[in-house]
Structure formats: C-alpha cells, structure tokens
Q: 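To start, I am sharing the structure in question, which I have written as structure tokens.
Note that the coordinates shown come from a computational prediction; the quantities given were computed from them, not determined experimentally.
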Amino acid sequence: MIDGSAYESYGWEQFSRVVRHELIHAWQYHNYSKADHGSTFKQWVEPLETDRHCEQYAEPNYWVICEECESRDPRYRRSKVVKEPEKYSCGRCGGAISIEYV
C-alpha cells in the first residue's frame with residue numbers, strides 16, 4: 001500500500017520521481033550489495049527522469065555534525081558513520097564529526 005501522505009503532499013510528478021530514485025537504489029543493492037549516489041546511480045538519473053537527491057519525507061533519527069564547518073547531514077538509520085563517527089570525517093572540509101541523536 002502506498003503512503004498517501006507523501007503522494008498527497010507532493011503530487012504525482014514529484015512522488016513518481018522519488019519512486020524511480022528509490023528503484024535505482026534497489027537495483028544497486030541487488031547488483032552490488034550497496035547503494036549510494038555514485039557512478040552506478042548517476043547512469044540512471046537521466047534515462048529514468050529522476051533526481052540524484054530527493055527531498056526527504058521523514059524526520060531524521062540522527063544528524064552528522066561537522067565540528068569545523070558546522071555542516072549538518074541527516075541520517076535515517078544507524079549507519080557505520082552513526083555507530084563510529086570517530087572513524088570518519090566531514091566530506092566538505094575534512095573536520096571531525098559528531099552525532100546528534102534526535
């Protein structure tokens with residue numbers, strides 16, 4: 001069953017773009033056992049008329065925060081970065097990161 005709230009809030013065009021976006025991730029995971037927005041994702045953006053990044057419909061469970069540039073990136077699941085932030089650095093400036101639990 002499709003969640004009517006996203007469809008009703010954003011309309012068919014935007015909702016269908018998100019579905020196509022998520023289908024690319026499903027294809028990646030099936031073929032490569034991982035999903036991201038890298039080169040295997042980019043090759044499908046134009047043919048499937050979708051976006052590389054989509055608007056989020058849910059509130060994040062965590063925020064990855066850079067202690068240097070203060071950038072904030074949402075996370076929705078307990079990923080490797082969330083579990084062990086000391087092993088990672090900011091993708092923008094290389095600074096140390098911390099996790100804010102929501």
Side-chain angles (χ1 to χ4, degrees):
M1 181 173 162
I2 295 176
D3 178 2
S5 61
Y7 169 73
E8 290 167 4
S9 296
Y10 298 97
W12 174 250
E13 181 56 35
Q14 182 61 29
F15 184 75
S16 65
R17 291 179 80 83
V18 171
V19 170
R20 292 190 302 270
H21 173 105
E22 295 306 328
L23 286 172
I24 297 170
H25 286 311
W27 171 83
Q28 286 180 308
Y29 194 78
H30 175 75
N31 287 288
Y32 304 106
S33 299
K34 72 174 197 163
D36 58 24
H37 293 106
S39 61
T40 61
F41 189 94
K42 285 188 238 180
Q43 73 183 0
W44 291 105
V45 169
E46 190 175 323
L48 294 180
E49 298 178 10
T50 190
D51 304 297
R52 191 160 164 224
H53 299 284
C54 291
E55 185 174 342
Q56 298 295 331
Y57 293 108
E59 292 297 318
N61 294 313
Y62 314 94
W63 286 97
V64 177
I65 302 170
C66 177
E67 296 174 12
E68 301 295 321
C69 71
E70 299 180 358
S71 65
R72 296 172 56 88
D73 293 316
R75 292 293 186 271
Y76 298 86
R77 57 188 168 84
R78 201 159 187 274
S79 64
K80 292 177 185 177
V81 173
V82 171
K83 292 177 191 174
E84 300 177 299
E86 66 280 355
K87 292 185 176 181
Y88 298 89
S89 59
C90 176
R92 291 176 184 86
C93 75
I97 60 170
S98 61
I99 305 301
E100 178 182 302
Y101 296 84
V102 179

Q: C90 and I97: which non-hydrogen atoms are nearest, and at how many Å?
A: N-CG2, 3.6 Å
Q: Does atom CH2 of W63 have more than 12 heavy-atom neighbours from other groups under 6.0 Å away?
A: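 More than 12 heavy atoms, drawn from other residues, nucleotides or ligands, come within 6.0 Å of this atom.
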Q: The criterion is side-chain contact (heavy atoms from CB on, under 4.5 Å); which residues satisfy it with E84, sequence neighbours excluded?
A: E86, K87
Q: Looking at residues at least two apart in the chain, or sitting in another chain, which of them share a side-chain hydrogen bond (donor to acceptor under 3.5 Å, both in side chains) with D36?
A: Q28
Q: Answer yes or no: is there a donor N or O on one side and an acceptor on the other, between the side chain of H21 and the main chain of T50, under 3.5 Å?
A: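 A pair under 3.5 Å: no.
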Q: Is a donor on one side and an acceptor on the other found under 3.5 Å between the side chain of R52 and the backbone of H37?
A: yes
Q: Relative to each other, are the rings of F41 and H25 parallel, tilted or perpendicular (30° and 60° limits)?
A: tilted
Q: Is there a donor-acceptor pair under 3.5 Å between the side chain of R75 and the backbone N or O of P60?
A: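 Absent.
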Q: Counting neighbours of NE2 on H30 that are heavy atoms of other residues, nucleotides or ligands and sit closer than 6.0 Å, is the number greater than 12?
A: no
Q: To check you understand the geometry: which heavy-atom pair defines the closest contact between E67 and S98, and what is its length?
A: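 The pair with the smallest heavy-atom distance is OE2-CB, 3.4 Å.
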Q: Can you tell me if E59 has over 12 outside heavy atoms packed within less than 6.0 Å of its CD?
A: no
Q: For the CD atom on E22, are there more than 12 heavy atoms of other groups (residues, nucleotides or ligands in this structure) within a distance under 6.0 Å?
A: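 Yes.
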Q: Taking the side chain as every heavy atom from C-beta outward, state whether I65 and I99 have any atom pair closer than 4.5 Å.
A: no
Q: Only pairs at least two apart or in different chains count here, so list each ring-ring contact (aromatic ring centres under 6.0 Å, His included) that has a residue in residues 83-102.
A: Y62-Y101
Q: Go through the steps to decide whether V45 and D51 satisfy the test side-chain contact (heavy atoms from CB on, under 4.5 Å), and finish with yes or no.
A: CA-CA 6 Å; V45 169; D51 304 297; 5.8 Å; no
Q: Calculate, to the nearest 0.5 Å, the distance between atoms NZ and CZ belonging to K83 and R77 respectively.
A: 9.0 Å
